[in-house]
Amino acid sequence: MEKKFKSISGVTLVELLIGVVISMVMMAALYTSYSVVNNSYSQVSDRANISRTGRDITGMLLRDIRMAGFFDINSVMVASSEMYPIVITKSSNYSGNLRSCDAIDIVYGDINYVKGPPEVISYPIYKVTYKCIKSKIPDRKKTPNSAGKFPSLDLFAIYKTKIKWDRSANSGKGAWNTDPEADNDPNTYDEELIIDYVEDLIFNPIDKKGLIISPPPSKVANTDKIYSISSVDISIVLRSSDAFYSSPRERIVYALSKNTRNKVKTDRYLREAIVVTAHNRNIGMLK
């Protein structure tokens, strides 16, 4: 029996420690590899999210701007600045707490068909508005106020409104119905959130020569150029919701036409400018 026990060999403390060290090295290597792959995936996912969000909003804008100025022959129009097909309101504040984005109003007619009996066909005129409103997402990296409420992120959200022309309003002269819930039209709505995490929204009206119309035609300025808008350049600057880069450094996102509107930020977030051109199809026909 004594001989049998002597023939059994065990693991020494040194060998055990060497095994533990090797295991720790392998685990550290695996964790490092996982972190690298996970960070790469997160970065690709953030870029994909920004790209997808940008495609969604630009698709909506392209469709509506292409519809600007369309009116069915049965549409009842009025000779008023309220029927201008495109009105762009440019921002004059690009930085600070009072900074704002551009806004755009788009007017076009439509055809609504209700299957009967009796069948009903109407020719409403709609106004679509895209504008920025300060983001309501709380910034949890900031200090909450005395009520425990965090300040909002220093970003914007894009909202879309769609209202209808009411021919019976204003003593029969007509006016925009600013209460979409009251007109019983399922196509109208008030300030629907489209996207968040927006740094800036820019619209530039372009004439037939490819030049920017400045100032943009409006109800009070440059009205003779209102039907000279051949296309609209659109720029949307989006920011990632989470930190993207490994370390903060100064990065610049260039704006359309105005260097004073460039976004110069020093942080770890990803910002991308999505730029498209929407060509209208109907405005020139109205002139």
Side-chain angles (χ1 to χ4, degrees), residues 34-35 37-61 89-105 128-163 178-181 188-203 234-256 258 260-275:
Y34 169 78
S35 298
V37 172
N38 186 56
N39 289 337
S40 298
Y41 173 78
S42 297
Q43 289 184 333
V44 171
S45 179
D46 285 343
R47 283 190 181 275
N49 286 337
I50 288 180
S51 178
R52 181 174 61 253
T53 302
R55 286 198 306 270
D56 291 344
I57 181 63
T58 52
M60 295 176 67
L61 282 163
T89 304
K90 299 292 290 184
S91 168
S92 57
N93 296 309
Y94 312 135
S95 60
N97 294 331
L98 297 178
R99 71 187 183 95
S100 60
C101 305
D102 294 353
I104 188 169
D105 293 330
V128 174
T129 300
Y130 289 89
K131 64 179 180 180
C132 288
I133 297 177
K134 288 288 186 180
S135 176
K136 298 177 182 178
I137 298 176
D139 187 352
R140 301 190 180 278
K141 294 182 179 180
K142 298 288 182 67
T143 303
N145 58 22
S146 57
K149 186 177 180 180
F150 289 92
S152 299
L153 290 171
D154 185 24
L155 294 169
F156 295 103
I158 296 178
Y159 285 78
K160 179 181 178 181
T161 303
K162 187 174 183 180
I163 58 178
T178 56
D179 185 6
E181 295 183 359
T188 59
Y189 43 84
D190 185 28
E191 290 190 355
E192 290 285 338
L193 173 64
I194 306 300
I195 57 170
D196 220 312
Y197 290 95
V198 177
E199 284 277 3
D200 205 357
L201 176 63
I202 302 173
F203 297 105
I234 308 165
S235 175
I236 307 171
V237 181
L238 301 176
R239 199 207 76 176
S240 61
S241 57
D242 300 315
F244 182 85
Y245 298 102
S246 57
S247 59
R249 67 178 179 86
E250 184 179 276
R251 297 177 176 88
I252 304 175
V253 177
Y254 293 95
L256 286 175
K258 274 186 176 288
T260 54
R261 203 161 175 172
N262 294 343
K263 298 300 174 187
V264 183
K265 300 286 185 177
T266 303
D267 54 28
R268 296 171 54 199
Y269 293 103
L270 170 68
R271 291 175 178 82
E272 286 196 359
I274 298 164
V275 180

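Numbers for residues simply follow the sequence, beginning at 1.
The two residues I202 and D102 make their nearest non-hydrogen contact at CA-OD2, 3.3 Å. Closest of all the heavy-atom pairs between G54 and I274 is CA-CD1, 3.2 Å. In terms of heavy-atom proximity, A157 sits nearest to L193 at CB-CD1, 3.5 Å. Of all the heavy atoms in L153 and P138, the pair that sits closest is CG-O, 4.3 Å. The shortest heavy-atom contact between P180 and K162 is CG-O, 4.2 Å.
Using a 4.0 Å cut-off between charged nitrogen and carboxylate oxygen, R99 and D154 count as a salt-bridge pair. Salt-bridge annotation for R239 and D267: absent, with no side-chain N of the basic residue lying under 4.0 Å from a carboxylate O of the acidic one.
Between the side chains of S135 and S152, not a single donor N or O lies within less than 3.5 Å of an accepting N or O. A side-chain N or O of D105 and one of T129 form a donor-acceptor pair less than 3.5 Å apart.
Residues K263 and I252 have side chains not in contact (no heavy-atom distance under 4.5 Å, counting atoms from C-beta outward). For the pair T188 and I163, the minimum side-chain heavy-atom distance is 4.5 Å or more. You'll find the side chain of E199 stays beyond 4.5 Å of the side chain of V253, heavy atoms only.
A donor-acceptor contact shorter than 3.5 Å links the side chain of S91 to the backbone of S100. Between the side chain of R268 and the main chain of P248, no donor-acceptor pair closer than 3.5 Å is present. The backbone N or O of F203 sits less than 3.5 Å from a side-chain atom of K90, completing a donor-acceptor pair.
Taking a 6.0 Å sphere around OH of Y94, one finds it holds more than 12 heavy atoms contributed by other residues, nucleotides or ligands. Counting heavy-atom neighbours within 6.0 Å of K134 NZ, excluding the residue itself, gives a total above 12. Annotation: N93, atom CG; neighbour count of heavy atoms from other residues, nucleotides and ligands within 6.0 Å is above 12. At most 12 non-hydrogen atoms from other residues, nucleotides or ligands lie less than 6.0 angstrom from NZ of K131.
Residue S95 holds its OG atom at 12.0 Å from CG of N262, rounded to the nearest 0.5 Å. The line from OH of Y269 to CZ of R251 is 12.5 Å long, rounded to the nearest 0.5 Å. We find the CG-CZ distance between L238 and R271 to be 11.0 Å, quoted to the nearest 0.5 Å. Rounding to the nearest 0.5 Å places CG of L270 at 13.5 Å from OH of Y197. Rounding to the nearest 0.5 Å places CG of L61 at 9.0 Å from CD1 of I194. Separating the CD1 atom in I158 from the CD atom in E191 is a distance of 13.5 Å, to the nearest 0.5 Å.
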Evaluate the criterion side-chain contact (heavy atoms from CB on, under 4.5 Å) for residue pair E272 and V237; output intermediate values, then yes/no. CA-CA 6 Å; E272 286 196 359; V237 181; over 6 Å; no
Worked check of side-chain contact (heavy atoms from CB on, under 4.5 Å) between S240 and I50: CA-CA 7 Å; S240 61; I50 288 180; 4.2 Å; yes
